[in-house]
Amino acid sequence: MLMGAADIVPGVSGGTMAFITGIYETLLDSIRAVDLDFLQMVLKLDIRGAWAHVNGGFLLALLAGIATSILSLARLISWLLEHHPVPLWAFFFGLILASALVLLRQVPRWNLPRVLSLLAGVATATTIALAPVVNLDVGMAGVFLSGFLAICAMILPGISGSFILVLLGMYGTVLNALKGLDLGFILVFAVGAASGLLCFSRLLHFLLHRFHAATMALLTGFLFGSLLVVWPWKRTLAWTESSSGELKPAQQIPVTPTEFTVVSGEQGQLALCVALMLVGFALVWLIDSRWGRAERAR
C-alpha cells in the first residue's frame with residue numbers, strides 16, 4: 001500500500017517504499033524469476049510450479065496492496081497535491097530522509113569505492129531532479145525508450161518513473177494515449193516497460209549480490225539526491241502543458257521557506273511542515289524496527 005501511495009505522487013518512487021519496508025531484494029528476485037523456465041512451466045500448464053518459481057504469493061499480496069492503495073488513496077493524495085502541496089511534500093521529505101539514514105547504516109566498513117558510489121548516486125539523482133524538460137519526439141522508438149526508462153526509474157529508490165516521463169516531455173503524451181485508448185502507442189510503451197523491468201531487475205540483482213555494499217551505497221545516494229525533488233519549498237523555473245491544457249511546473253529548484261513566500265505569495269507553513277517531517281521520519285523508523293530489520297535478518 002505504501003508503494004501504491006508513493007506511485008501516485010509525481011517525484012516519489014515506489015522503490016523507495018520497497019526499501020523502507022525491507023522487501024526490495026525479494027521484489028527484484030521475484031521479477032528476475034520471470035524467465036525462460038517460467039515460460040516453459042506456463043506453456044506446460046504447470047501453474048503450481050510457475051507460481052512457486054516467481055514467488056506468486058508475494059507478488060499477489062504486493063500488487064493487491066498497490067491496487068488497494070491507488071484505488072483508495074488516489075483522490076485524497078491528488079486533492080492534497082492540489083490544495084496542500086507544501087505540507088504533503090514535507091511529509092514525504094521526512095519519509096525519504098529517514099529511509100536514506102536507515103540505508104546508510106546498512107553499508108558496512110566504508111571505504112573509497114563505497115563513498116564514491118554514494119556520491120555518484122547523489123549526483124545522478126540531483127542531476128535528474130534539476131534537469132529541464134526535453135522533447136523526445138522520435139516516433140515509436142521514443143515511445144519504447146520512454147517506457148524502458150520510466151520503469152527502470154520506478155524500481156529505483158529515489159527516482160520516480162512519472163518524473164522521468166515529465167523530463168522526457170512524454171508525460172502528457174502518455175496520458176493522452178491512455179485516455180484515448182491508442183492501442184498501438186500503449187502496446188509499444190508496455191513492451192518497452194516490460195523490457196526495462198526484466199533487464200534492469202537482473203542488473204540490480206547482479207549488482208546487489210556481487211557488489212552489495214557498493215550498490216547499497218549507490219542506492220542510498222539516490223535517496224539523498226532525491227530529497228531535492230520532495231523539498232517542500234520550490235521555485236518554478238519552467239512550465240509544461242498537461243494533457244488537459246493546464247500549465248504545470250516542468251523545472252523547479254529548492255528555496256528557503258522565506259524565499260518561497262516572497263516568490264509565490266503563499267505561506268511557507270514552517271511549523272506544520274516541520275511537524276509532518278518529524279511524523280514521516282518517525283513512521284519510517286517504526287516500520288524499519290517492526291518489519292525492515294526482521295526482513296533483512298532472514
Less than 4.5 Å apart, any side-chain heavy atom of P232 and any of M277?
-> yes
Are W231 and F93 side-chain neighbours, meaning at least one heavy-atom pair lies under 4.5 Å?
-> yes
Is there a side-chain contact between M3 and L62 (heavy atoms, below 4.5 Å)?
-> yes
Can you name the side-chain contact (heavy atoms from CB on, under 4.5 Å) partners of L95, sequence neighbours left out?
-> M17, F91, F92, L283, V284
Minimum heavy-atom distance F222-G121, with the two atoms named = CD2-O, 3.3 Å
What closest approach, in Å, do I151 and A193 show between heavy atoms, and which atom pair accounts for it?
-> CG2-O, 3.0 Å
How many angstroms lie between CG in L187 and CE in M140, if you round to the nearest 0.5 Å?
-> 9.0 Å
So, for F58 and L27, which heavy atoms are closest and what is the spacing to 0.1 Å?
-> CE2-CA, 3.7 Å
side-chain hydrogen bond (donor to acceptor under 3.5 Å, both in side chains) between H53 and Q40, worked out = CA-CA 11 Å; H53 186 70; Q40 288 177 354; over 6 Å; no
Any side-chain heavy-atom pair of W233 and T258 under 4.5 Å | no
Within a strict 4.5 Å, meaning less than it, do heavy atoms of the F211 and F206 side chains meet?
-> yes
Side-chain heavy-atom pair L272, L276 within 4.5 angstrom cut-off = yes
Least distance between heavy atoms, A213 atom then V107 atom = O-CG1, 3.9 Å
Does any N or O in the side chain of R114 come within less than 3.5 Å of the main-chain N or O of P108, such that one atom is a donor and the other an acceptor?
-> yes
